[in-house]
Amino acid sequence: MNSFLRRTQIFLSVGPRTISKMPKGTKKGKGAPAKAKETEAPDVPAGPVTKKKDGSLAITIQAKPGAKQNCITDVSSDAVGVQIAAPPKEGEANTELVKYLASVLNLRKSDVTLDKGSKSRLKTICISSDQNMTVEDLLSKLRAETDQT
């Protein structure tokens, strides 16, 4: 008898009863599915205003330059929509955005700076940490300005 037939006979004589299956999900190698980790801390509110590590506040702005007047159009979970009455040329709209937000939040212009997005419509505005303002205070002021228009 050749060796192939002998191995086949041995396998058949053992039968399916002695073969045990490994339960699914017990592998711990490369093919094991990774457990999902919680990326967000539960005490951090999701929204357009966040507190940075240095204590300052960051606002995500969706700028709409070239409007007839400055106004806040909406406060969503992604960004704050702001219409700017300045053309998007040579930083005019960015300057106007900083001036407008400073007036809405009752802050000095030096406390409000453009952090990211100088050439994009999606911008990040930073409110300095010397201001004793919370995320909730900032959101309430922005929503109040939305309700006025």
Visitor: Only counting residues at least two apart or in another chain, list the ones meeting salt bridge (charged side-chain N to carboxylate O under 4.0 Å, His left out) with Asp78.
Guide: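 Per chain and number, Asp78 pairs via salt bridge (charged side-chain N to carboxylate O under 4.0 Å, His left out) with no residue.
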
Visitor: For a quick test of reading the model, state the closest non-hydrogen atom pair linking Val75 to Pro48 and the distance between them.
Guide: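 Closest heavy-atom pair between Val75 and Pro48: CG1-CG, 4.3 Å.
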
Visitor: Using the side chain to side chain contact (heavy atoms under 4.5 Å, CB included) criterion, which residues pair with Ser110? Sequence neighbours excluded.
Guide: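 For Ser110, the residues satisfying side chain to side chain contact (heavy atoms under 4.5 Å, CB included) (neighbours in sequence not counted) are Arg108.
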
Visitor: What residue pairs, at least two apart or across chains, pass salt bridge (Lys or Arg N to Asp or Glu O under 4.0 Å) with a residue in residues 119-132?
Guide: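 Salt bridge (Lys or Arg N to Asp or Glu O under 4.0 Å) check on residues 119-132 returns no pairs.
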
Visitor: Side chains of Val82 and Leu97: closer than 4.5 Å at any heavy-atom pair?
Guide: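 Yes, side chains in contact.
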
Visitor: My understanding is that only residues two or more places apart in sequence, or in another chain, count here; which of them pass side chain to side chain contact (heavy atoms under 4.5 Å, CB included) with Ser103?
Guide: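 Result, side chain to side chain contact (heavy atoms under 4.5 Å, CB included) vs Ser103: Tyr100.
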
Visitor: CG/Leu101 to CG/Asn106 distance, rounded to the nearest 0.5 angstrom?
Guide: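 Between atom CG of Leu101 and atom CG of Asn106 there are 12.0 Å.
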
Visitor: Apply salt bridge (charged side-chain N to carboxylate O under 4.0 Å, His left out) to Lys52 and list each qualifying residue two or more places apart in sequence or on a separate chain.
Guide: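 Only Asp115 meet the salt bridge (charged side-chain N to carboxylate O under 4.0 Å, His left out) criterion with Lys52.
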
Visitor: I'd like to check the side-chain hydrogen bond (donor to acceptor under 3.5 Å, both in side chains) partners of Gln83; sequence neighbours left out, ordered by chain and number.
Guide: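 Here no residue qualifies.
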
Visitor: So do the side chains of Ser128 and Leu107 get within less than 4.5 Å of each other, counting heavy atoms only?
Guide: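 Counting from C-beta outward, Ser128 and Leu107 never come under 4.5 Å.
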
Visitor: Which heavy-atom pair separates Pro88 from Ala93 by the least distance, and what is that distance?
Guide: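 Between these two residues, the closest heavy atoms are CA-CB, 4.2 Å.
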
Visitor: Let me check something: any side-chain donor-acceptor pairs from residues 55-67 under 3.5 Å, sequence neighbours excluded? List them with distances.
Guide:
residue : atom : partner : partner atom : Å
Ser56   : OG   : Asp54   : OD1          : 2.7
Lys64   : NZ   : Thr73   : OG1          : 3.0

Visitor: For a side-chain contact (heavy atoms from CB on, under 4.5 Å) check, start with the C-alpha distance between Thr134 and Leu138, then their side-chain angles and the critical distance, and finish with the verdict.
Guide: CA-CA 6 Å; Thr134 64; Leu138 193 67; over 6 Å; no

Visitor: Check for a donor-acceptor pair, side chain of Asn94 on one end and backbone N or O of Ser118 on the other, with a separation under 3.5 Å.
Guide: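 Looks like yes, one N/O pair under 3.5 Å.
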
Visitor: List in chain and number order the residues that pass side-chain hydrogen bond (donor to acceptor under 3.5 Å, both in side chains) with Thr95, two or more places apart in sequence or in another chain; answer none if no residue qualifies.
Guide: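 Applying side-chain hydrogen bond (donor to acceptor under 3.5 Å, both in side chains) to Thr95 gives none.
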
Visitor: As an exercise, state the distance from NZ of Lys99 to CD1 of Ile84, rounded to the nearest 0.5 Å.
Guide: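 Output value for this atom pair is 11.5 Å.
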
